[in-house]
Number of protein chains: 2
Amino acid sequence: MPVKAGERLDPEATRARILKAAAEVFGRRGIHATGINEVVEAAGASKLTIYKNFGSKEGLVEAVLTDRTHRVRAWHNSVVEQAPPGREQILAVFDLVASWYAETGFRGCAMMNAATEDRGQDGAPRRLARDHLAFYRELFERLLTQAGARDPGTTARQLVVVLEGATLISAVDQDPGLGAEARAIVETLLDSAL
Amino acid sequence: MPVKAGERLDPEATRARILKAAAEVFGRRGIHATGINEVVEAAGASKLTIYKNFGSKEGLVEAVLTDRTHRVRAWHNSVVEQAPPGREQILAVFDLVASWYAETGFRGCAMMNAATEDRGQDGAPRRLARDHLAFYRELFERLLTQAGARDPGTTARQLVVVLEGATLISAVDQDPGLGAEARAIVETLLDSAL
DNA sequence: CCTAGATGAGAACGATCGGTACTATCAATT
DNA sequence: AATTGATAGTACCGATCGTTCTCATCTAGG
């Protein structure tokens with residue numbers, strides 16, 4: 001039974017390091033365009049270690065996306081908890097994504113990008129993208145119900161459209177202004193829905 | 001392989017046939033995932049002809065996207081002309097995209113997909129995607145001005161967010177219902193903007 | 001000290017990629 | 001009939017891909 005090892009040889013840390021580096025290079029250059037050797041270089045890990053941990057490039061991609069969607073969900077749940085209930089909680093979600101748009105080299109939603117690259121296939125990227133959309137839908141529906149919306153389900157789906165549309169355009173146009181744009185749309189929709 | 005007299009040896013027709021086949025297979029499987037040999041098979045054209053016409057795969061991609069954005073713009077301009085001026089013209093745009101969502105195997109906007117696949121690069125796909133977004137922005141701004149909107153520029157950018165968001169989600173979820181979803185959002189935005 | 005496991009570095013493999021070269025065929029022109 | 005241009009079919013090239021394998025090194029535990 002292998003006990004906790006030192007630092008350099010800690011498998012958990014190695015795995016996390018590979019995930020972080022792979023997420024960065026996948027996001028920057030695209031998944032199909034990124035070779036395993038680029039992940040090797042970015043992570044400072046050997047191919048042996050990558051394939052021992054993730055089995056294949058496909059497995060690595062799935063692990064990266066799974067990690068990413070979990071982190072995004074945790075961030076959203078966190079900012080929602082810290083915002084005053086009602087309308088403010090919904091706007092807090094869009095303030096969070098607006099801060100992502102403002103990051104230099106923003107590349108859009110990793111899950112949507114992966115599903116788009118993998119189009120025609122019905123693998124993990126598409127499934128994770130759909131789950132990611134479902135998370136947003138359920139989050140918005142919950143917040144809208146609490147805020148007393150007339151039709152929380154419908155309005156929730158509308159907010160997801162706005163969120164993903166703004167994210168896509170912000171990435172394509174490299175324009176952080178889509179954060180304010182999305183917020184204005186949401187304000188109008190909430191005025192009509194609450 | 002029998003060659004139909006007078007048609008298949010027409011360079012214009014050959015070029016158009018390659019463009020159509022390439023657009024289909026690029027859209028269905030993705031650009032990076034599609035090899036030249038698949039285009040050869042789908043188009044019933046030889047590599048020689050493809051490279052004589054387009055120079056490289058990159059050139060073929062650019063030609064396919066250029067052709068696509070021109071066709072889309074023509075379709076939109078056509079349906080807008082046929083709709084009664086004002087609010088109805090704007091909704092006609094969304095009715096047109098809704099009919100695209102309803103096509104079996106809808107894969108989203110070719111220009112946005114290509115730009116997403118090419119992320120990190122600053123080539124033709126990204127430029128054409130930006131031009132495509134600019135077309136929508138200008139179309140909406142023109143129609144909104146004619147309809148007497150208070151802030152046509154701002155509302156136009158909002159409508160583009162809704163259009164691309166609905167397109168992306170419809171493709172990922174394979175859900176034609178995003179057409180009605182987008183239309184409902186647009187109705188609310190127009191109620192507020194006109 | 002010695003063993004075992006984790007890792008880094010990189011060679012090697014088969015497959016596939018974008019792209020080129022060559023040949024034969026067909027249609028229209030001369 | 002000969003010529004020319006466009007095309008299909010196919011073999012081929014170098015590069016790169018994902019993946020496996022080998023070997024040396026490092027660390028922790030016996």
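Below, read A as the first sequence line, B as the second, and so on, with proteins coming before strands; counting in each chain starts at 1.
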Report task. Kindly give the heavy-atom pair with the smallest separation between V80(A) and L143(A), and that separation in Å. Result ->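 Smallest heavy-atom distance, with atoms named: CG1-CD2, 3.7 Å.
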How close or far is atom [atom2] of [N] from atom [atom1] of [X], stated in whole angstroms?
| X | N | atom1 | atom2 | answer |
| --- | --- | --- | --- | --- |
| H32(B) | dT16(C) | NE2 | C1' | 15 Å |
| R15(B) | dT7(D) | CZ | P | 12 Å |
| K52(A) | dA4(C) | NZ | C1' | 13 Å |
| Y51(B) | dC13(D) | OH | C1' | 13 Å |
| K57(B) | dT20(C) | NZ | C1' | 17 Å |
| I31(B) | dC17(C) | CD1 | P | 15 Å |
| I50(B) | dC17(C) | CD1 | P | 14 Å |
| E38(A) | dC17(D) | CD | P | 7 Å |

Closest to the [X] side chain, choosing from [options]:
| X | options | result |
| --- | --- | --- |
| R17(A) | dT19(D), dC17(D), dG8(C) | dG8(C) |
| L48(A) | dT7(C), dG18(C), dC22(C) | dT7(C) |
| K47(A) | dA11(C), dT20(C), dG8(C) | dA11(C) |
| S46(A) | dT20(C), dT7(C), dT7(D) | dT7(C) |
| I36(B) | dG18(C), dA8(D), dT19(D) | dG18(C) |

Query raised in the report: Are the charged groups of R157(B) and D151(B) less than 4.0 angstrom apart, N to O?
Result: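 D151(B) and R157(B): not salt-bridged.
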Query raised in the report: Can we say E24(B) and R28(B) salt-bridge, meaning some charged N sits less than 4.0 Å from an Asp/Glu carboxylate O?
Result: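 Looking at E24(B) and R28(B), the cut-off is met.
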**Report entry** Closest-nucleotide ordering on DNA chain D, the 5'-leading residue of G55(A) and N37(A)
**Finding:**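 The answer here is N37(A).
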Report task. Test Y136(B) against every option in R73(B), E164(B), H76(B) by the side chain to side chain donor-acceptor pair (under 3.5 Å) rule and name the one that passes. Result ->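 With Y136(B) as partner, R73(B), E164(B), H76(B) yield a single side chain to side chain donor-acceptor pair (under 3.5 Å), made by H76(B).
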Query raised in the report: Do the side-chain N or O atoms of T14(B) get closer than 4.0 angstrom to the phosphate oxygens (OP1, OP2) of dT7(D)?
Result: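 For T14(B), the contact criterion (side-chain N or O under 4.0 Å from OP1 or OP2 of dT7(D)) is met.
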Query raised in the report: Within the pair S56(B) and dG18(C), is there a side-chain N or O less than 4.0 Å away from OP1 or OP2?
Result: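 Checking S56(B) against dG18(C): no side-chain N or O falls below 4.0 Å of OP1 or OP2.
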Requested in this report: Could you check whether the rings of F140(B) and F94(B) sit parallel, tilted or perpendicular, using 30° and 60° as the cut-offs?
Outcome: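 Taking F94(B) first and then F140(B), their aromatic rings lie parallel (interplane angle under 30°).
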